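Computed from a prediction, not measured in an experiment: that's the story for all the values here.
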2 protein chains.
Amino acid sequence: MKYQRHNAIRELVAQSLVSNQDELRRRLRRKGFEVTQATLSRDIHELRLSKGPSGYSLPHGSGNGSAPVVVDDGPPSLAEMIESFGLRVRQAMNQVVVGTVMGGAQPVAAALDHEGWPEVVGTVAGDDTVLVICPDIRRASEVESRLRTMLES
Amino acid sequence: MKYQRHNAIRELVAQSLVSNQDELRRRLRRKGFEVTQATLSRDIHELRLSKGPSGYSLPHGSGNGSAPVVVDDGPPSLAEMIESFGLRVRQAMNQVVVGTVMGGAQPVAAALDHEGWPEVVGTVAGDDTVLVICPDIRRASEVESRLRTMLES
DNA sequence: TGCAGCCTTGCATACTTATACAGCCGTAAT
DNA sequence: ATTACGGCTGTATAAGTATGCAAGGCTGCA
């Protein structure tokens, strides 16, 4: 019976607005499926539905609503990156330019972004150059010297 | 302060797995935003995030579950691009940095170029960052607020 | 027939999210 | 300065969702 119920749920969710599990329960009952909220919670989990501002919806694409993103825990330390790939660091106005070995810009920029420094507004990476944008000249100096320290360590 | 918090939330949700509002609260605290779960509930509502098997995620396309059937008219507008891919907008001197989801920088920059704004001297796109160069600080502010409006819509 | 293993479900309850309400703060009009 | 209003927030709590546990029902095997 479970799979028929799953189909009914998919259908209801696709065609109409279902705001919560109790509403879903009542609607299913009208169709002859009589189960409790607990079961629906499990069904929804199995069907990988997601809940947004407009009620429940089917998983996106063929996979699912949101890609399997990596959990935020083990940062590849910026210092290591700079040490491995960095070649030079220079400041220009509110910008800092980091030269790296060929292909090193991307990972360095990513590590820098990951660091989340407030002095960094954003980074743009080419092949061997990372452009770091800072809010102003003072903070660019700040960033420059910090990066330079890593480079020279 | 609310607006910056929204940016931070978008970013966290795009880049990592956020399973619930309390986890979000703890992560935001590390970044300097100290608010309660109630506020986050409201933020999430305003940002129209949805929650699925893999945590919270950004709105899909321009709408969510219920797609407002739209006719395909010409090239996607900048506003749509920003809405789909944009995560944050910040100004630094005469530059504006637009953070996007991975891979979103290129299309956003293209749409921005296509727009032909006189306040935009040029754009450079990385993987997830667009650097917009403006003639001066005043016009950068102009551009920033315009983009921010699109982002917050 | 009796038993073991597995699946599905309901109940009770823990956990998570939303919201009514009130306080605070800044702005604009008086 | 005073008052009125509106936005943002925290507190307390209601509303909604997930899950440990145990019961009941299959199936396959001795």
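- Atoms CG (B/Leu24) and P (C/dA18) sit 12 Å apart, rounded to a whole Å.
- Of the side-chain N and O atoms in A/Thr39, one or more sit less than 4.0 angstrom from OP1 or OP2 of C/dG10.
- Summarising the geometry, the separation between CD on B/Gln37 and P on D/dT11 is reported as 11 Å, rounded to the nearest angstrom.
- We find that CG of A/Asn20 is positioned 12 Å from C1' of C/dT17, with the value rounded to whole Å.
- For B/Leu40 and C/dT17, the CG to P distance is 10 Å, given to the nearest whole Å.
- Residue-level contact check: A/Arg25 touches neither bases nor backbone, having no heavy atom under 4.0 Å from any strand.
- A/Glu34 comes within 4.0 angstrom of the backbone, heavy atoms only, and of no base.
- Using a 4.0 Å cut-off between charged nitrogen and carboxylate oxygen, B/Glu34 and B/Arg25 do not count as a salt-bridge pair.
- Taking the side chain of B/Arg5 as heavy atoms from C-beta on, and the options C/dT8, C/dA12, D/dT9, the nearest nucleotide is D/dT9.
- Base contact: B/Ser41 has a heavy atom under 4.0 Å from a base atom.
- To the nearest angstrom, C1' of C/dC15 lies 14 Å from NZ of A/Lys51.
- Each of B/Val35 and A/Ser19 was assigned the nucleotide of DNA chain D with the nearest heavy atom; the assignment lying further toward the 5' end belongs to B/Val35.
- One atom, CD of A/Gln21, and another, C1' of D/dT17, lie 5 Å apart when rounded to the nearest Å.
- Here the closest non-hydrogen pair linking A/Ala140 and A/Val96 is O-CG2, 3.4 Å.
- In this structure, CG of A/Leu28 is placed 12 Å from P of C/dT9, rounded to the nearest angstrom.
- With D/dT17, D/dT11, C/dA12 as the choices, the nucleotide that has an atom nearest any side-chain atom of A/Tyr56 turns out to be D/dT17.
- Evaluation of atom-type donor-acceptor distances gives a pair under 3.5 Å for the side chain of B/Arg42 against the base of D/dG10.
- Between B/Glu46 atom CD and C/dT19 atom P the separation is 12 Å, expressed in whole Å.
- The two residues B/Met81 and B/Ala111 have their closest heavy-atom pair at CG-CB, 3.7 Å.
- A salt bridge does not link A/Arg138 with A/Glu142: every distance from a Lys NZ or Arg NE/NH1/NH2 to an Asp or Glu carboxylate oxygen is 4.0 Å or more.
- Atom NE2 of B/His45 has 12 or fewer neighbouring heavy atoms from other residues, nucleotides or ligands inside a 6.0 Å radius.
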